[in-house]
Structure formats: C-alpha cells, structure tokens
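In what follows, a structure is listed as structure tokens, so that the remarks can point back to it.
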Amino acid sequence: MDRGGPPPPAPTVVNSGSGTGALRIQHSRRLPDFLQSVNLKYVKLGYHYLISNLLTLCIVPLIAVTLIEASQMNLDDVRQLWIHLQYNLVSVIICSAVMVFGLTVYTMTRPRPVYLVDYSCYRPADDLKAPFHRFMEHSRLTGDFDESSLEFQRKILERSGLGEETYVPEAMHFIPPRPSMAAAREEAEQVMFGALDRLFANTCVKPKDIGILVVNCSLFNPTPSLSAMIVNKYKLRGNIRSFNLGGMGCSAGVIAVDLAKDLLQVHRNTLAVVVSTENITQNWYFGNKKSMLIPNCLFRVGGSAVLLSNKSADRRRAKYRLIHVVRTHRGADDKAFRCVYQEQDDIGKTGVSLSKDLMAIAGGALKTNITTLGPLVLPISEQLLFFATLLLKKFFNGSMKPYIPDFKLAFDHFCIHAGGRAVIDELEKNLQLLPLHVEASRMTLHRFGNTSSSSIWYELSYIESKGRMHKGNRVWQIAFGSGFKCNSAVWEALRNVRPSQSSPWEDCIDNYPVKLDA
C-alpha cells in the first residue's frame with residue numbers, strides 16, 4: 001500500500017552464475033537522491049528550532065555540571081563554604097543590597113501588563129441586510145446614479161468578496177434615502193450601545209468602574225462627541241478620562257488600543273473601554289465619480305467594544321495579553337496623504353475618494369511596519385537569515401532576491417483588516433500565508449463587509465468560534481487607514497479561548513468557510 005513515502009530502491013537483476021540461467025534479485029544499496037527525498041522546509045524548520053533553543057542548549061549542560069558538583073560536596077565542604085562567606089560578610093551584604101535595589105527598580109519601572117478581559121461585536125438586525133439585488137435596485141431608484149455608475153457598482157460588488165447578508169443603516173433603506181443628522185446619531189447609538197450592552201453583560205462590569213474611555217469613528221464627529229454620548233447613556237463617573245478619535249481611518253482601532261495602553265501605564269488598577277465604529281448614514285456618496293463610488297460598495301454597518309485592564313486580579317479571567325503595538329505613518333508623503341481623501345466632486349457631492357495608487361502605498365506602509373515589528377516578534381533564526389541575506393545582497397550589488405521573513409513562525413493567527421478582497425490577496429501573497437491564515441479575514445468580509453476599524457475584532461471572534469484559539473497562541477492584528485497608516489497589534493492568548501455569549505458568529509459559524517468565486 002502506498003503510504004506517501006519515497007519509492008523503494010529499484011531491484012537489480014543479477015545472473016547467479018550457475019549455468020542454469022537462474023536469476024536472483026538484489027536490491028540496490030545506493031543512497032537515494034538527497035534533494036528528492038528531503039523536503040528543504042524541514043531543514044529550515046530544524047535550523048529554526050536549533051537557533052531558537054540555542055540558549056537552552058548551552059545552559060542545560062552548565063546546570064547539569066553544577067548539580068553534579070553540588071551532589072559530591074560533603075559536610076566539611078559546606079562548613080568551609082560557610083566560613084568563607086563569614087569572612088567576606090561585607091561583600092555579601094553589598095551584593096545582596098545591589099540585587100535588591102536592582103529588583104526594586106525593575107519592578108517599579110517595567111511596563112504594566114495590559115489584559116484584554118473581553119470584547120463584543122455589534123450584530124445589526126436582519127431587516128438591515130442589503131443583498132446585491134436590493135442594493136442595486138435602491139441605487140437605481142434613487143435617481144442619483146447614471147447607467148455607467150450603476151454598472152460600475154455592480155462589477156465592484158461582484159468582485160468585492162462581500163456576501164448577500166451584509167448590513168447598511170436604516171436611512172439607506174428608504175427611497176429616497178434619508179441621510180440626516182438625527183439618522184446618523186441613531187446609527188451611532190445603535191452600534192455603540194449595542195456592543196457595550198453585550199460587553200457589560202458578558203463581563204459583569206459596572207459602567208461606573210470604567211476609568212478610561214476611547215472612541216474612534218473616522219467620518220462622523222458630532223457635538224457633543226460620541227464619547228460624551230456614551231458617558232451620558234451609561235452615567236459614567238465624573239473623573240473618567242475620555243477621548244474621541246476622528247478622521248484616522250480603518251486603522252484607528254489599533255491606535256485607540258495603543259492610547260488606552262499608554263494610559264493604563266500611568267493609572268493603576270484601572271479598566272479601559274475602547275469603542276471602534278464607522279458611520280455610514282451621512283457618508284454615502286450620491287454622485288458619479290468612480291473612485292468615490294467604491295466605498296458605497298464595500299463599507300457596511302459594524303462596531304466593537306473592548307474591555308482592557310491593568311489589574312493583576314483580572315489576569316485569571318482575561319482572554320489575551322497585549323504584547324506589542326507598532327504604528328507606521330506615511331503622511332509626510334503627498335501621495336500617501338491623499339490616497340484616501342474625503343472631498344467634493346465636480347458638482348459638490350461629498351464622498352471619500354480612493355486613489356489608484358492605494359495598493360502600492362499600502363505595500364510601502366506594510367514594509368515599514370513589519371521592518372519595525374520583525375525584530376520584536378520573529379525568532380532569532382529568521383532574523384539571522386534576514387540579516388545574512390541583506391549582507392549578501394549588498395555584497396553582490398543587489399543581484400540576490402530579498403529574503404522575506406516567515407511570520408508564520410512568530411504568529412499562530414492573522415487578523416488582516418477586511419478592507420477588500422485585493423488587500424487580503426496582496427497580504428496573503430507578500431507574507432507567504434496559507435489560505436487558512438486569511439480565512440478569518442475573507443469570511444468576515446463576506447459576512448459583514450468592511451466594517452472599518454472594528455473588522456479585526458469580527459475576525460478574532462471568527463477564530464474563537466472555530467475553536468482554534470489555544471493557550472499561548474499569538475495573534476497579529478494588522479490594519480490600514482487614511483493618512484496613510486499601517487498599524488499592528490500583537491496579542492497572546494492566556495487560555496483556550498472560546499467565544500463569549502452573543503458572538504456575531506453565534507448562529508452562522510457552521511456555514512463557514514464558504515467557497516468564494518475566483
């Protein structure tokens with residue numbers, strides 16, 4: 001039976017020399033072709049294990065030698081050691097004092113761990129779903145789009161990677177649409193309060209216990225602010241430290257987490273809530289400029305609420321610990337600054353324009369970001385390979401191909417911002433990921449669309465709902481946003497994580513993954 005191994009050596013036919021013509025079969029003793037029988041990826045894996053555990057391999061023999069020497073000591077040897085220490089009492093006291101002082105300084109100055117206790121994602125009502133045929137019919141009936149624009153939107157929808165069950169706000173379901181300030185406030189309240197209600201119910205945290213509140217929403221920034229709306233709704237305490245981030249695009253969720261992390265380093269025993277959302281009601285484009293029609297086809301209703309803590313007691317119930325946040329800003333470059341740009345078209349209709357250079361600019365931002373992130377997360381084996389390749393490339397005047405570090409050795413799961421099918425495709429190719437690694441991003445885009453800064457939390461919930469998150473696993477959340485920015489957050493699972501109650505995937509996870517059209 002074929003078990004998938006290399007074929008057996010070919011038999012050799014040899015004359016027995018008996019004169020009877022009898023033949024005997026002798027198997028070849030030659031070694032098989034090494035390159036054909038050994039998969040080089042296993043050689044690389046072995047190299048990675050060797051380098052990563054080099055320190056352990058050096059220390060273990062030293063510990064073993066020390067233990068052997070200690071086991072051979074008798075009572076007289078111990079007595080002599082004690083007498084020696086007594087004669088050098090001053091040195092012992094000084095060394096002990098230095099050690100205690102050093103440990104005290106380290107304890108006081110080390111960064112406080114930041115724990116992700118729980119999070120929730122908003123799931124809109126079913127009557128807000130926008131299947132393709134209804135989306136196109138409503139677009140036609142508004143009378144704002146010409147035939148060329150309608151055809152363009154139809155093609156974008158077909159290639160977008162979105163499914164038939166994404167959501168648009170209630171104001172967009174009317175004919176004609178009703179994008180008023182009141183409707184935009186209502187959308188914001190439904191999303192933010194819906195996510196927060198679930199978060200407080202799942203964690204049994206009282207709103208009065210929240211010490212820090214960070215809200216991010218790029219395109220809708222009313223007065224009073226969205227953070228003030230939350231303070232008013234839940235009657236948060238008067239000395240709460242609240243922040244409202246606007247205009248920072250789809251990567252603002254990671255920025256908000258970074259801000260909360262910095263605040264938690266200053267304020268002891270504090271809980272922080274980060275709310276990420278985007279508002280569609282007042283930002284729908286009703287014109288015919290192609291580059292401004294794309295957001296209509298991709299962006300959908302969604303939002304998330306995340307509970308962070310620096311309390312040591314919360315480690316037992318927390319899901320994750322924040323390891324790193326790395327932020328990259330390319331705003332100094334004019335092309336990068338304008339590649340996602342809110343403006344008016346020739347007839348005064350407001351919308352967000354996406355540049356044709358967007359993917360190239362995103363690639364440059366990603367390169368900068370992972371150059372900073374790599375040394376923090378990659379095993380030493382990958383760093384040595386990358387450095388060696390860099391030297392060789394310089395030595396051979398750039399004729400060598402650059403070595404792309406294997407981030408699969410650093411992370412178990414990837415939450416790539418579900419900005420669109422092209423974004424996910426490019427990251428899958430450039431980071432040499434497997435289809436399984438981008439499954440959460442593709443399925444989130446299919447089920448919920450581009451929910452902007454909250455999409456990485458829908459993806460994390462997908463991984464949990466599939467039962468794939470185990471203790472010690474590392475997750476890389478990576479998002480892109482206007483400006484242009486690329487931001488990364490790295491989390492480590494503190495236990496085998498299961499989805500919290502009322503997960504957005506609760507009643508549909510068994511239907512995924514779905515097969516997407518090429």
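Source: prediction; values computed, not measured. All values below were derived from every heavy atom in this structure, side-chain atoms included, with hydrogens, water molecules and symmetry-related copies excluded.
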Sequence-distant partners of [X], salt bridge (charged side-chain N to carboxylate O under 4.0 Å, His left out), two or more places apart:
X      : value
Arg468 : Glu439
Asp334 : none
Arg178 : none
Lys466 : none

Using modelled atom types only, decide if a donor and an acceptor are shared between the side chain of [X] and the backbone of [Y] within a distance under 3.5 Å.
X      : Y      : result
Asn369 : Val326 : yes
Ser218 : Gly249 : yes
Tyr167 : Asp127 : no
Ser304 : Cys121 : no
Ser482 : Val340 : no
Glu506 : Ser502 : yes
Asp314 : Ala318 : no
Asn202 : Gln501 : yes
Ser455 : Thr451 : no
Asn473 : Met469 : no

Stepwise side-chain hydrogen bond (donor to acceptor under 3.5 Å, both in side chains) test for Tyr320 and Arg474: CA-CA 9 Å; Tyr320 304 94; Arg474 286 198 170 194; over 6 Å; no
Contacts of type ring pair (Phe, Tyr, Trp, His ring centres under 6.0 Å), residue Tyr122, not counting sequence neighbours: none
Tyr119: partners by ring pair (Phe, Tyr, Trp, His ring centres under 6.0 Å), with sequence neighbours left out: Trp457
Residue pairs fulfilling salt bridge (Lys or Arg N to Asp or Glu O under 4.0 Å) with at least one residue in residues 182-209, sequence neighbours excluded: none
Pairs where residues 355-379 contributes a residue and the test salt bridge (Lys or Arg N to Asp or Glu O under 4.0 Å) is met, not counting sequence neighbours: none
For Ser453, all residues meeting side chain to side chain contact (heavy atoms under 4.5 Å, CB included), sequence neighbours excluded: Asn216, Ser276
Residues that Thr277 engages under side chain to side chain contact (heavy atoms under 4.5 Å, CB included), provided they are two or more places apart: Val191, Met192, Cys217
ring-ring contact (aromatic ring centres under 6.0 Å, His included) pairs, two or more places apart, involving residues 223-256: Phe193-Tyr234, Phe200-Tyr234
Provide the closest heavy-atom pair for [X] versus [Y] in the form atom of the first, atom of the second, distance.
X      : Y      : answer
Met172 : Pro177 : CE-CB, 3.9 Å
Ser454 : Gly302 : OG-C, 3.7 Å
Leu445 : Gly420 : CD2-C, 3.7 Å
Pro169 : Leu128 : C-CD2, 4.3 Å
Asn283 : Asn279 : ND2-O, 3.0 Å
Val475 : Phe411 : C-CD2, 4.3 Å

Non-neighbouring partners of Ser461 that pass side-chain hydrogen bond (donor to acceptor under 3.5 Å, both in side chains), sequence neighbours left out: Ser503
Asp118 vs Ser500, side-chain hydrogen bond (donor to acceptor under 3.5 Å, both in side chains): CA-CA, chis, key distance, verdict: CA-CA 8 Å; Asp118 205 352; Ser500 300; 2.7 Å; yes
Verdict with supporting geometry, Arg321 and Val114, side chain to side chain contact (heavy atoms under 4.5 Å, CB included): CA-CA 6 Å; Arg321 180 169 65 94; Val114 174; over 6 Å; no
Leu245 and Val214, any side-chain heavy atoms less than 4.5 Å apart: yes
